Amino acid sequence: MHKLSIRFLLNLGRIILLILMATAVLVVSIWICSPKWINQADNYIVQKYNNAYLDQLKTARGLLLKGDVDDGREIIEELLNDLDDIEKRDRLGPIKRSGFKLITETLKKSGHNEKAISWYERWIGFDEMDVYARSAHALLLSRMSGHSNKGEMLLRDLANTYPYDVALDSYYSMIMKRGESDEETANIFAKAFLIFLASFDK
């Protein structure tokens, strides 16, 4: 009886090994001979994966448009928490950025500036090179009591480093709010104008 059990287990092991080998050969054959099938399967899986998060984003936008701010905000926060480990260059990176943009804009509109600042900081941690996030963050700080000096300093640094597009727009908004200008401001705008002119030579 003992010998029969051992023989049975050996035979079973051989069968399992043969099945595994056949499966491996089949997978390798498909991979080599039919890359189109592999690409189609990969695209399908990726699309399903991305759409799940895109649907959350669309649902949140729809709720916000209807004026249901609390539920819309809750969905975006859940989405961003689910995507917490996603890096800038991951497939879901653009969706995460859209979520950050939506949550910060929503919080600002509803007057929750402190929470908006917290989400801006997470956004900048996700992508420290995102000039839009850094400019919007600095501009909001410049308009908040107790944070205005820090915000103005950040905006000035950004406008000097990136004297174009959104950084310059945010800096200009701050200057207009204060109703004053100075030599440094004039230099920043002159620098931006020179960059604009240089773009025609390319």
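In this text, all values refer to a predicted model and were calculated from it rather than measured experimentally.
- Shown here are the side chain to side chain contact (heavy atoms under 4.5 Å, CB included) partners of Met129, two or more places apart in sequence or in another chain: Lys88, Asp127, Tyr162.
- Of the inter-residue distances, the one linking Thr161 atom OG1 with Arg156 atom CZ reads 12.5 Å to the nearest 0.5 angstrom.
- Lys150 is linked by a side-chain hydrogen bond (donor to acceptor under 3.5 Å, both in side chains) to nothing, counting only residues two or more places apart in sequence or in another chain.
- Asp130 is linked by a side-chain hydrogen bond (donor to acceptor under 3.5 Å, both in side chains) to Arg97, Trp123, counting only residues two or more places apart in sequence or in another chain.
- Residues satisfying the side chain to side chain contact (heavy atoms under 4.5 Å, CB included) criterion with Ile19, sequence neighbours excluded, are Ile15, Thr23.
- A 4.5 Å side-chain heavy-atom check between Lys96 and Asp90 finds every atom pair outside the cut-off.
- Residue pairs meeting the side chain to side chain donor-acceptor pair (under 3.5 Å) criterion with at least one member in residues 104-113, sequence neighbours excluded: Lys101-Glu105, Glu105-Tyr132, Lys108-Tyr120, Ser110-His112.
- With sequence neighbours left out, Arg89 forms a side-chain hydrogen bond (donor to acceptor under 3.5 Å, both in side chains) with no residue at all.
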Side-chain polar contacts of residues 57-66 - donor-acceptor pairs under 3.5 angstrom, sequence neighbours left out - could you list them?
from  : atom 1 : to    : atom 2 : distance (Å)
Thr59 : OG1    : Asp55 : O      : 2.8

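- Here CD of Glu152 is found 12.0 Å from CG of Asp157. Values are rounded to the nearest 0.5 Å.
- Note: the hydrophobic cluster containing Ile117 does not contain Ile124 (ILVMFWY, side chain heavy atoms under 4.5 Å, direct or indirect links).
- The side chain to side chain contact (heavy atoms under 4.5 Å, CB included) search around Ile16 returns Leu12, Leu20, not counting sequence neighbours.
- Note on residues 71-87: pairs passing side chain to side chain donor-acceptor pair (under 3.5 Å), not counting sequence neighbours, are Asn81-Arg122, Asp84-Arg122.
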